[in-house]
Structure formats: structure tokens, C-alpha cells
Visitor: 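The structure is given below, and queries will be raised subsequently.
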Amino acid sequence: MPRDLPIIDAHHHFWDLTHNDHPWLRPDHPLIPFRYGDYTALRGKDFLPEDYDALTGHHRVVATVTMEGEWNPADPTGESRWIAALHARTGRPAAHVAQAWLDREDAEEVLATQAAIPLVKGVRHKPRTAAAPDRVERGAPGSMSDPRWRAGYARLAPHGLHFELQAPWWHLDEALDLIEAHPETPLVLNHTGLPSDRGAEGLAGWRAAMRRLARAPQASVKISGLGLRGRPWRLEDNRPIIRETIEIFGVPRCMFASNFPVDGLCGSFATIFDGFRAAVADLPWADQLALFHDNAIRTYRLSLPLAAGPA
């Protein structure tokens with residue numbers, strides 16, 4: 001594979017655990033349920049630009065986008081202010097997706113504060129989710145169909161913010177309802193819709209839900225978070241998911257991302273990005289540039305030149 005492919009990593013985290021408060025990463029905090037299982041290896045370890053750069057190896061990462069990292073929700077704008085200061089000092093990241101709690105009383109104030117930080121392009125609020133497809137409860141407090149939650153979502157577009165969704169695929173019909181009610185707000189699906197069940201029934205459900213969401217032109221997807229509990233990251237496990245996602249959404253609405261350091265629990269940065277590149281190596285070069293670079297520029301409105309025209 002050519003080594004000169006420019007990469008914009010569309011989803012990763014930075015944290016300074018010495019000075020900042022991420023409750024789930026504190027050694028004294030109970031482990032939370034997590035799709036990769038035990039994440040003790042992440043605790044007590046800072047992850048800053050120099051740590052990131054030490055992992056990228058032969059890949060030419062030209063810019064990155066940080067995602068909120070479960071900073072203490074009592075201070076939802078604190079992480080954005082810290083990220084902006086980090087950017088001023090190091091040039092990283094190029095954009096940030098901030099924390100916001102759409103169903104809280106202070107949602108309007110928080111969104112206004114986040115939108116005033118130039119680095120912030122969107123927000124994420126992980127909605128309440130069910131443990132299985134047959135346990136979805138429409139209208140549950142904190143879910144995407146909760147009226148209070150939807151009222152907060154309606155506030156995004158006036159502030160020029162898009163929404164980033166992390167939820168299992170069995171909640172994507174709720175996401176489609178949101179898009180249809182608020183077509184002015186782009187929605188970026190995180191972690192490929194979380195296809196953790198790779199059995200025939202699980203994949204059929206994931207595939208059908210992704211196809212329904214893809215009917216909305218405002219929806220795009222980040223191909224990331226593909227690790228499987230108890231297994232190393234392998235191309236043979238993930239290539240079918242990668243190619244189906246691209247087939248369903250089309251090249252212009254897909255981006256690759258590392259989800260580091262979290263996905264370091266499943267494989268090295270080189271393993272994951274070598275896998276991404278191998279999975280699409282047969283596509284036209286313009287499509288590869290779009291997937292790894294140009295689509296992120298458009299989605300996050302970055303002040304960087306496109307490497308190629310629209311695929």
C-alpha cells in the first residue's frame with residue numbers, strides 16, 4: 001500500500017488524568033459496563049498529543065478530531081476549554097466534539113458556551129439505551145424519544161452544531177425519527193453502529209438498521225470501534241463490516257477513525273489502520289482519500305485543503 005495517504009483521524013480522545021476529572025478512569029471508581037470488557041489498562045495513564053504521535057508509526061496523520069471523553073458531567077464545558085488550550089499549545093486537535101446533556105435544564109446555556117469555542121463543531125450525548133433489541137422502550141427518560149431529550153436536540157442547529165450518536169444499532173430507528181423531525185441537523189453515527197454481535201441474526205439486524213438510517217442524507221458514519229471482546233483486532237473479522245458500511249452509506253458519508261486510546265485495548269494503531277487500508281485498497285485512490293481525509297474536512301469544517309475532489 002502507498003505510504004503517502006494523508007489521514008485525518010476522525011475520532012479519538014485526549015486526557016490528562018493528573019489534572020482532569022474523568023470519573024470512569026479514576027482508580028477508585030467502580031468499573032462501568034463496557035463493550036470490550038475490563039478497561040483497567042486505560043486507568044491512570046495520560047493520553048496527550050505526544051503519546052498519540054508515538055503510536056501512529058508509518059501512517060501520515062495530518063490532523064485529528066477529539067471526542068468528549070466522559071469528563072465529569074458536573075462541568076460539561078471544562079473539557080472543551082482544556083482541549084482548546086491544548087490546541088493552542090500543540091496544534092492538536094483540529095476539531096472537537098463536546099459533551100452536552102440535552103435533557104438537562106442547563107442545555108441551552110451549555111450549548112451556547114460550547115458553540116462559542118471555535119474548535120467545537122458538534123456535541124455528543126450518549127442517550128439511554130436498551131441492552132437488546134427486544135428491550136427498547138420508546139419514550140424512556142433519557143432516550144432519543146424522550147420529549148425533553150428531543151427538545152434539547154432541537155437546539156443544536158441554531159448554534160451551528162451537529163450531533164454525534166453512540167448507540168447500538170437497535171436504536172437507529174429513533175435516530176431516523178430525530179433526523180426527520182430536524183433535517184437541518186447533521187447526525188454522525190459513531191463506531192459503525194456497534195455491530196458487536198457478529199452472528200447471522202445480529203448482523204442481519206445491524207444491516208437492516210444501517211440501511212434504514214442511510215436513507216437520510218443528513219446521516220454519516222465513522223468506521224471505528226470495531227473491536228470484539230476477548231479477541232485481537234483482525235481484518236478477517238472486520239473487513240465485511242467495513243465494506244458493507246461503505247456500500248450502505250456510500251463513500252462520501254464514511255470516515256475512518258482510531259478511537260484511541262480506547263481501541264488500543266483491541267489492537268495497535270498500526271494494526272487497525274493497516275486493516276482499514278487493506279480493507280479498501282482495491283477502491284479508486286480518490287475514494288481512499290475521501291474515506292481517510294476529505295470527508296472529515298467537510299464534516300468538521302476544517303481549514304485544510306482537500307486532497308481530492310468529491311468521490
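Along the sequence shown, the residues carry numbers beginning at 1. Side chains included, hydrogens not; waters and symmetry mates left out as well; all remaining heavy atoms used.
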Visitor: Side chain to side chain contact (heavy atoms under 4.5 Å, CB included), that's the test. Do Ile8 and Ile297 meet it? Break it down for me.
Guide: CA-CA 8 Å; Ile8 296 175; Ile297 288 178; 3.4 Å; yes
Visitor: Quick one: do Leu228 and Phe256 end up in the same hydrophobic cluster if we chain Ile, Leu, Val, Met, Phe, Trp and Tyr together by side-chain heavy atoms under 4.5 Å apart?
Guide: no
Visitor: So which atom in Thr77 and which in Thr113 form the shortest heavy-atom distance, rounded to 0.1 Å?
Guide: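 What the structure gives for the nearest pair is CG2-CG2, 3.8 Å.
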Visitor: Enumerate the salt bridge (Lys or Arg N to Asp or Glu O under 4.0 Å) contacts for residues 41-53, please, sequence neighbours excluded, ordered by first and then second residue.
Guide: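 Qualifying pairs: Asp53-Arg92.
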Visitor: Do the side chains of Glu184 and Leu156 get nearer than 4.5 Å, heavy atoms only?
Guide: no
Visitor: Hey, could you give me the CZ/CZ distance between Arg234 and Arg239, rounded to the nearest 0.5 Å?
Guide: 15.0 Å
Visitor: Does the side chain of Met210 come within less than 4.5 Å of Phe249's, by heavy atoms?
Guide: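 Yes - at least one pair of side-chain heavy atoms lies under 4.5 Å apart.
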Visitor: Quick one: does any side-chain atom of Tyr39 pair with a main-chain N or O of Trp24 as donor and acceptor, under 3.5 Å?
Guide: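 Here the side-chain-to-backbone pair exists.
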Visitor: With side chain to side chain contact (heavy atoms under 4.5 Å, CB included) as the test, would you mind laying out the steps for Arg26 and Asp21 before giving the verdict?
Guide: CA-CA 8 Å; Arg26 289 201 307 254; Asp21 187 8; 2.7 Å; yes
Visitor: Using a strict threshold of under 4.0 Å (side-chain N to carboxylate O), is an ion pair present between Arg138 and Asp173?
Guide: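 Arg138 and Asp173: not salt-bridged.
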Visitor: Could you tell me whether the side chain of Ser145 and the main chain of Gly139 form a donor-acceptor pair under 3.5 Å?
Guide: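 A pair under 3.5 Å: yes.
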Visitor: Write down the atom of Ala100, the atom of Leu111, and the distance for their closest heavy-atom approach.
Guide: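 Smallest interatomic distance, heavy atoms only, reads CB-CD2, 3.8 Å.
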Visitor: What are the two closest non-hydrogen atoms of Phe14 and Trp82, and how far apart are they?
Guide: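 Minimum heavy-atom separation between Phe14 and Trp82: O-CZ3, 3.5 Å.
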Visitor: Can you tell me how far CG of Leu289 sits from CG of Leu5, rounded to the nearest 0.5 angstrom?
Guide: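 That separation rounds to 6.0 Å.
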Visitor: With distance as the sole test, does Trp206 use its side chain to make a donor-acceptor pair with the main-chain N or O of Thr192 at under 3.5 Å?
Guide: yes
Visitor: May I ask you to decide if Ile248's main-chain N or O and Arg211's side chain share a donor-acceptor pair within less than 3.5 Å?
Guide: no
Visitor: Quick check: do Pro76 and Arg104 have side-chain heavy atoms less than 4.5 Å from each other?
Guide: yes
Visitor: Go through the side-chain N and O atoms of Ser258 and Asp9 and say whether any donor and acceptor fall under 3.5 Å apart.
Guide: yes
Visitor: Between Asn238 and Trp233, is the side chain to side chain contact (heavy atoms under 4.5 Å, CB included) condition met? List the steps.
Guide: CA-CA 8 Å; Asn238 296 319; Trp233 202 103; 3.2 Å; yes
Visitor: Can you tell me how far NE2 of His159 sits from CD of Glu108, rounded to the nearest 0.5 angstrom?
Guide: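 The CD atom of Glu108 sits 3.5 Å away from the NE2 atom of His159.
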Visitor: Can you measure from CD1 (Ile242) to CD1 (Ile223) and round to the nearest 0.5 angstrom?
Guide: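 One finds 6.5 Å between CD1 of Ile242 and CD1 of Ile223.
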Visitor: Would you indicate whether the side-chain heavy atoms of Leu283 and Leu291 approach each other to under 4.5 Å?
Guide: yes
Visitor: Using modelled atom types only, decide if a donor and an acceptor are shared between the side chain of His22 and the backbone of Gly69 within a distance under 3.5 Å.
Guide: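 Checking the backbone N and O of Gly69 against the side chain of His22, a donor-acceptor pair under 3.5 Å is found.
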Visitor: Indicate yes or no: at least one non-hydrogen side-chain atom of Glu174 is less than 4.5 angstrom from one of Leu178.
Guide: no
Visitor: Do you know which two heavy atoms are closest between His11 and His191, and how far apart they sit?
Guide: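 Heavy atoms of His11 and His191 come nearest at NE2-CE1, 3.4 Å.
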Visitor: If Ile, Leu, Val, Met, Phe, Trp and Tyr residues are connected whenever their side-chain heavy atoms lie under 4.5 Å apart, and connections chain through other members, are Leu165 and Leu194 in the same group?
Guide: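 In one cluster: no.
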Visitor: Between Arg128 and Asp103, is the closest basic N to carboxylate O distance under 4.0 Å?
Guide: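 Salt bridge between Asp103 and Arg128, a charged N being under 4.0 Å from a carboxylate O: no.
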Visitor: Salt bridge (Lys or Arg N to Asp or Glu O under 4.0 Å) between Asp146 and Arg148: does it pass, once the steps are laid out?
Guide: CA-CA 6 Å; Asp146 173 8; Arg148 284 177 58 89; 5.4 Å; no
Visitor: Does either side chain, that of His12 or that of Thr64, offer a donor lying less than 3.5 Å from an acceptor on the other one?
Guide: yes
Visitor: Under 4.0 Å between a Lys/Arg side-chain N and an Asp/Glu carboxylate O for Arg198 and Asp237?
Guide: no
Visitor: In Å, rounded to the nearest 0.5 Å, how long is the span from CE of Met144 to NZ of Lys126?
Guide: 13.5 Å
Visitor: Keeping Arg298 on the side-chain end and Pro252 on the backbone end, is there a donor-acceptor pair under 3.5 Å?
Guide: no
Visitor: Using 30° and 60° as the class limits, which term best fits the ring planes of His182 and Tyr153: parallel, tilted or perpendicular?
Guide: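 His182 vs Tyr153 ring planes: tilted.
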Visitor: Where does the angle between the aromatic ring planes of Phe292 and Phe273 fall among parallel (under 30°), tilted (30 to 60°) and perpendicular (over 60°)?
Guide: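 Answer is tilted, since the angle falls between 30° and 60°.
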Visitor: When you measure from the side chain of Arg124 to the backbone N and O of Gln166, does any donor-acceptor pair fall under 3.5 Å?
Guide: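 Such a contact is absent between Arg124 side chain and Gln166 backbone.
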Visitor: Could you tell me whether the side chain of Ser80 reaches within less than 4.5 Å of the side chain of Trp71, counting heavy atoms only?
Guide: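 Not in contact.
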Visitor: Under a 4.5 Å side-chain heavy-atom rule over Ile, Leu, Val, Met, Phe, Trp and Tyr, are Leu102 and Ile179 clustered together?
Guide: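 Hydrophobic grouping puts Leu102 with Ile179.
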Visitor: Might you work through the side chain to side chain contact (heavy atoms under 4.5 Å, CB included) test for Phe276 and His59, ending with a clear yes or no?
Guide: CA-CA 12 Å; Phe276 289 159; His59 293 286; over 6 Å; no
Visitor: If you round to the nearest 0.5 Å, how far is CZ of Phe47 from CZ of Phe260?
Guide: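 Rounded to the nearest 0.5 Å, the CZ-CZ separation comes out at 7.0 Å.
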Visitor: Is it the case that atom CD in Glu236 sees more than 12 heavy atoms from other parts of the structure closer than 6.0 Å?
Guide: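 Yes, CD of Glu236 has more than 12 neighbouring heavy atoms, counting only those of other groups under 6.0 Å.
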Visitor: Mind listing the closest non-hydrogen atom pair of Ala98 and Val120 along with its distance?
Guide: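 Looks like CB-CG1, 3.9 Å.
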Visitor: Would you confirm whether the ring centroid of His125 sits within less than 6.0 angstrom of the ring centroid of Trp149?
Guide: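 Judged by ring-centre distance (under 6.0 Å), Trp149 and His125 do meet the cut-off.
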Visitor: For the pair Thr66 (side chain) and His13 (backbone), establish whether a donor and an acceptor sit closer than 3.5 Å, ignoring hydrogens and angles.
Guide: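 Such a contact is absent between Thr66 side chain and His13 backbone.
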Visitor: Is it the case that one hydrophobic cluster holds both Trp101 and Phe163, taking links as side-chain heavy atoms less than 4.5 Å apart, direct or via other members?
Guide: no
Visitor: How close do Gly227 and Asp263 get, heavy atom to heavy atom, and via which atoms?
Guide: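 Nearest pair, atom of Gly227 first, then Asp263: N-OD2, 4.4 Å.
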Visitor: Do Leu226 and Leu55 land in one hydrophobic cluster if side-chain heavy atoms of ILVMFWY residues count as linked below 4.5 Å?
Guide: yes
Visitor: Between Thr299 and Val65, is there a side-chain heavy-atom distance shorter than 4.5 Å?
Guide: no
Visitor: Counting N and O atoms only, with roles assigned by atom type, does the side chain of Arg135 sit under 3.5 Å from a partner on the main chain of Ala131, one being a donor and the other an acceptor?
Guide: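 Side chain of Arg135 to backbone of Ala131, a donor-acceptor pair under 3.5 Å: no, none is there.
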Visitor: For the side chain of His162 and the backbone of Lys121, is there at least one donor-acceptor N/O pair under 3.5 Å apart?
Guide: yes
Visitor: Mind checking whether Leu187 and Gln218 have side chains closer than 4.5 Å, heavy atoms only?
Guide: no
